[in-house]
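Report on the following structure.
Chain naming here is simple, since letters A, B, ... match the order of the sequence lines and numbering starts at 1 in each. Keep in mind that this is a model prediction, so the values were computed, not measured.
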Amino acid sequence: MSGYHALGMCVSGAGVVLRDMMSSGFATCRLSLTPRQMQEALTPGHLKKAKLMFFFTRYPSSTLLKTYFLDVQFSRCITSQLIKWFSNFREFYYIQVEKFARQALLEGVVDACTLQVSRDSELFRALNMHYNKGNDFEVPGRFLEVASLTLQEFFSAVRAGKDADPSWKKPIYKIISKLDSDIPEGFKAAGCSQELLHS
DNA sequence: CGGATGCCTG
DNA sequence: CAGGCATCCG
């Protein structure tokens, strides 16, 4: 809940100001008047922001990322680093889900549909701990749905013995990649990364 | 060749 | 999470 408030405040704030700085000052005086807030390297605040964004998008394009990190000076290095972050986020996510799917199988679960990820489930706890450590952000319900589907897909695949195929996860990745949802505009706000760091 | 992906290591 | 490397494509 506190997370929502912080973002809400960012939305009405200095978003426009940053744009003006970029279009005028930066473009005409690139060497002498570099905006102070324009980061040349990703900060811990950016990392925290990226993790929260993961709750909405698992497969963000570099283009999308550029529109949500307006305070970052994108370069090949920065872009690849951000993309890399999400790649790492996905790895952790899928590893966790697979683990719980196999566990459910061992516990004798029969119907995949009964596998639902709720806010009080162990899987959610593990994921929330990783992407929202301080638990200061209200995870969107949509994420729970995506996680549930992912869990069911892994469960069904393993139960069907598809994990024998070296590339058995590919079909699942394909499905999940289509479930990305829009990211709240609040994440674009200037200073958002730092605000999150404090909350 | 240089950049994007993906797997997997430490 | 960052490094490395193998691989694929323009």
Side-chain angles (χ1 to χ4, degrees), chain A residues 3 6-7 30 37-103 105 117 122-137 139-140 143 146-147 149-183 187-188 191-199:
Chain A
L7 289 172
R30 48 195 155 168
Q37 294 71 20
M38 195 58 91
Q39 299 287 172
E40 301 193 359
L42 295 173
T43 67
H46 290 135
L47 174 58
K48 182 163 186 176
K49 173 178 174 179
K51 287 186 174 183
L52 295 183
M53 286 172 64
F54 185 75
F55 282 129
F56 300 91
T57 174
R58 267 61 60 187
Y59 295 83
S61 65
S62 59
T63 303
L64 176 73
L65 293 175
K66 286 171 183 167
T67 68
Y68 277 88
F69 287 87
L70 298 175
D71 61 334
V72 174
Q73 287 274 30
F74 278 82
S75 63
R76 298 187 230 301
C77 182
I78 294 295
T79 301
S80 56
Q81 185 182 7
L82 249 180
I83 290 294
K84 178 66 174 179
W85 280 0
F86 279 84
S87 175
N88 285 327
F89 295 165
R90 286 193 295 275
E91 283 193 9
F92 180 81
Y93 174 77
Y94 287 123
I95 287 175
Q96 292 304 309
V97 177
E98 180 184 353
K99 185 169 67 182
F100 280 83
R102 289 181 183 287
Q103 186 178 306
L105 213 49
V117 178
E122 293 178 51
L123 175 53
F124 177 77
R125 207 171 58 61
L127 296 175
N128 191 57
M129 171 85 87
H130 192 75
Y131 310 111
N132 181 32
K133 194 95 65 179
N135 193 48
D136 44 42
F137 181 76
V139 179
F143 179 74
V146 175
L149 180 61
T150 309
L151 180 61
Q152 296 169 184
E153 288 297 332
F154 267 94
F155 176 85
S156 300
V158 175
R159 181 180 54 186
K162 295 182 179 177
D163 56 337
D165 180 335
S167 58
W168 67 286
K169 297 177 182 178
K170 292 294 197 293
I172 299 178
Y173 295 163
K174 182 67 180 298
I175 295 175
I176 305 307
S177 70
K178 299 179 181 303
L179 303 180
D180 278 10
S181 50
D182 295 323
I183 302 170
F187 282 99
K188 293 181 180 176
C192 173
S193 302
Q194 302 316 310
E195 318 262 319
L196 289 172
L197 203 53
H198 303 156
S199 66

Quick one: pull up CZ in A:Phe69 and CG in A:Leu64 and give me the separation to the nearest 0.5 Å. 9.5 Å
Using side-chain hydrogen bond (donor to acceptor under 3.5 Å, both in side chains) as the criterion, list what pairs up with A:Ser61, not counting sequence neighbours. none
Check this for me, if you would: do A:Lys49 and A:Asp71 make a salt bridge, where the nitrogen-to-carboxylate-oxygen distance has to be below 4.0 angstrom? no
Expected output: side-chain A:Ser87 to main-chain A:Ile83 donor-acceptor under 3.5 Å: no
Heteroatom pairs (N/O) under 3.5 angstrom, protein to nucleotides 3-5 of chain B:
from	atom 1	to	atom 2	distance (Å)
B:dG3	OP1	A:Arg76	NE	2.4
B:dG3	OP1	A:Arg76	NH2	3.4

Taking only residues two or more places apart in sequence or in another chain, which ones pass side-chain hydrogen bond (donor to acceptor under 3.5 Å, both in side chains) with A:Tyr93? A:Thr150
Just the rounded figure in Å: distance from C1' of B:dG6 to NZ of A:Lys169. 12 Å
I'd like to check the side-chain hydrogen bond (donor to acceptor under 3.5 Å, both in side chains) partners of A:Lys169; sequence neighbours left out, ordered by chain and number. A:Glu98
Using a heavy-atom distance cut-off of less than 4.0 Å, which residues of residues 88-101 of chain A contact DNA chain B? A:Glu91
Check this one for me: any side-chain N or O of A:Lys170 less than 4.0 Å away from OP1 or OP2 of B:dC7? yes
Above 12 or not: heavy atoms from other molecules or residues under 6.0 Å from NZ of A:Lys162? no
Take atom NE2 of A:His46 and atom C1' of C:dC1, then tell me their distance rounded to the nearest Å. 17 Å
Between protein and nucleotides 5-10 of chain C, what N or O pairs are separated by less than 3.5 Å?
none

Nearest-angstrom distance from the residue atom CD of A:Gln81 to P of C:dC1: 10 Å
